Number of protein chains: 2
Amino acid sequence: MPLVFDFKLGFQYIALTRPTILITMSYDVLKQNIKKNLNLSTEELEGICKYYKPFDVKKKEFLLTQGSICKFEGFVLEGCFRIFTLDKKGNENTLYFAAKDWWLMDIDSFMNQTPSNLNIQALEDSKVLLINRRDKNALYDSLPVVEKLFRIMSQKALVSWQRRLIRNHCFTAKERYFHFLETYPDISSKLTDKQIAGYLGISHEFLSKIKKSEK
Amino acid sequence: MPLVFDFKLGFQYIALTRPTILITMSYDVLKQNIKKNLNLSTEELEGICKYYKPFDVKKKEFLLTQGSICKFEGFVLEGCFRIFTLDKKGNENTLYFAAKDWWLMDIDSFMNQTPSNLNIQALEDSKVLLINRRDKNALYDSLPVVEKLFRIMSQKALVSWQRRLIRNHCFTAKERYFHFLETYPDISSKLTDKQIAGYLGISHEFLSKIKKSEK
DNA sequence: AAAAAAAGTTGAACTTGTTCAACTCGGGAA
DNA sequence: TTCCCGAGTTGAACAAGTTCAACTTTTTTT
């Protein structure tokens, strides 16, 4: 099995393998995702997709760890990831989860090539499409419409982050918990309560008490 | 006393006045801001700036209110603004402040022309550069590099929002307060404690106690 | 300058969420 | 199969932050 990408991740050495089965179909997920943001021609979609390479990631493997530099931007075809930081107190603070049809990156570290504050870990066996920095820049240069595409996607993401911050201020932990369950039923069903607590910004003990109070 | 909707901007007509003095110099602030993100030629900078029109905004005037549709994107030349939402409990939750050299918009409402959830209010007599939707689209079309510019700016903004969310989870109110003072000394000096509390997501009484505990 | 309206302070009672420790339970590795 | 580890639960004591109300100070309006 060809070993295409390898990452030195802090202590850990991770070898990503190229999937053994053909995943021509998989690009449809990416194409549909793009089309939701901008109506592109078939040629343009193909021109974009050819830069993204498929990889398998095993459960519990890290695509990125704090301190290392993010060398890729990604898109999830299958499976689920957890993007989190470890704070001084040792709490794992989850920024977001990325399941099928989600983008996966540390923009900060990728753009500026500075050490990342984030960890990206597969919660189950997953398939992703990855693009490295050189190819991403080549993609921007070869297809100017990609600038517009990512401009639009970034602005939409911005809106989501603003809304989440407001929810964190205005809602109680209980309200945030049920909002999360309702908004992301497909993702939340794959998660442990501990992981959900890390996303909500509360202790897992308290989440347990929230659940009890609702029975 | 919570702000009630006596400022019905859906109905209210706000007459922005064009500044009486020439502000040729003012565009330098915008040009410098753009250059921080992308190195553009003098012609490109001029090509962008000509779309942005200067306006005066009086203290306490609203550029946008919840429920109305955002018809502009803006940039602050002088003064200071507060961007906030009013929640069900009547709390004013401040998303951010925009002083000189900051961008000012409700991307969500502006992009999709949907009713805004935000209020944008001048905290002091201010000067802004505004662009409407038609001109913004014309700008994107006339200068493709503007797509790249806003793609980069949006991605940087994204990073800031992610970091703020993590700070909200990992830091106590006291830590967040001092972080804010240190990070934005120029802005925080213009604000009342009540406004700062609204940004930190805490009650102004508690902020008062934080300050006392540090003396 | 006086009056009115906000902003800020303080204390007490209260709610929300944390921490620690002890326990149960289920699933994966040897 | 057994062992063990990590997830989840529960309770008690604690810390963080809110609410309300009364008060003082500062700012704005007239």
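All chains are named by letter (A, B, ...) in the order of the sequence lines, taking the proteins before the strands, and each is independently numbered beginning at 1. For clarity, every value in this text was computed on a predicted model and none was experimentally measured.
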Original post:
Looking at B:Tyr177, B:Trp102, B:Phe178, which hits ring-ring contact (aromatic ring centres under 6.0 Å, His included) with B:Tyr184?
Top reply: B:Trp102

Original post:
Contact class for A:Lys59 (heavy atom, under 4.0 Å): base, sugar-phosphate, or nothing?
Top reply: nothing

**OP:** Rounded to the nearest angstrom, tell me the gap between atom CD1 in B:Ile210 and atom C1' in C:dT9.
**Re:** 14 Å

Original post:
Would B:Phe150 and B:Trp103 count as a close aromatic pair, with their ring centres under 6.0 Å?
Top reply: yes

Original post:
C:dA7 P sits how many Å from B:Ile196 CD1, rounded?
Top reply: 13 Å

Original post:
Is the gap between the ring centers of B:Tyr199 and B:Phe180 under 6.0 Å?
Top reply: yes

Subject >> Listed nucleotide nearest any side-chain atom of A:Asp193, set D:dG8, D:dC20, C:dG17 >> reply: D:dG8

**OP:** For A:Gln195 and for B:Glu205, locate the closest nucleotide of DNA chain D by heavy-atom distance; then report the residue assigned to the nucleotide nearer the 5' terminus.
**Re:** A:Gln195

Original post:
Taking CG from B:Asp87 and P from D:dT18, how many angstroms apart are they, rounded to a whole number?
Top reply: 12 Å

Subject >> Closest to side chain of B:Lys212, choosing from C:dG11, D:dT18, D:dT28 >> reply: C:dG11

**OP:** Write down the distance between CG (A:Leu207) and C1' (C:dT18), rounded to a whole number of angstrom.
**Re:** 14 Å

Subject >> Distance, rounded to the nearest Å, where B:His204 contributes NE2 and D:dT24 contributes C1' >> reply: 13 Å

**OP:** Using atom CG of A:Asn168 as one end and atom C1' of C:dT16 as the other, report the distance to the nearest whole Å.
**Re:** 15 Å

Original post:
Looking at the side chain of B:Phe206, which of C:dA21, D:dA21, D:dG17 is the nearest nucleotide?
Top reply: D:dG17

Original post:
Please give, in whole Å, the distance from D:dG17 P to B:Asn91 CG?
Top reply: 16 Å

Original post:
Out of C:dG17, D:dG17, C:dT10, which nucleotide sits closest to the side chain of B:Arg176?
Top reply: D:dG17

**OP:** Tell me what A:Thr192 touches on the nucleic acid: a base, only sugar-phosphate, or nothing, going by heavy atoms under 4.0 Å.
**Re:** sugar-phosphate

Original post:
Can B:Gln66 and B:Asn119 be counted as having a side-chain donor-acceptor contact under 3.5 angstrom?
Top reply: yes

**OP:** Could you please name the option among D:dT9, C:dG17, C:dT9 that lies closest to any side-chain atom of A:Lys211?
**Re:** D:dT9

**OP:** Would you name the heavy atoms of A:Lys190 and A:Gly79 that are closest together and state the gap between them?
**Re:** NZ-O, 3.5 Å

Subject >> Whole-Å distance separating the NZ atom of A:Lys174 from the P atom of C:dT15 >> reply: 14 Å

Original post:
In terms of side-chain heavy atoms of B:Lys194, which of D:dT19, D:dG17, C:dA7 is nearest?
Top reply: C:dA7

Subject >> Overall bend - the helix from C:dA1-D:dT30 to C:dA30-D:dT1, comparing terminal axes fitted on five pairs, nearest 10 degrees >> reply: 50°

**OP:** Counting heavy atoms from C-beta on, name the nucleotide in D:dG17, C:dG11, C:dT18 closest to the side chain of B:Lys209.
**Re:** C:dG11

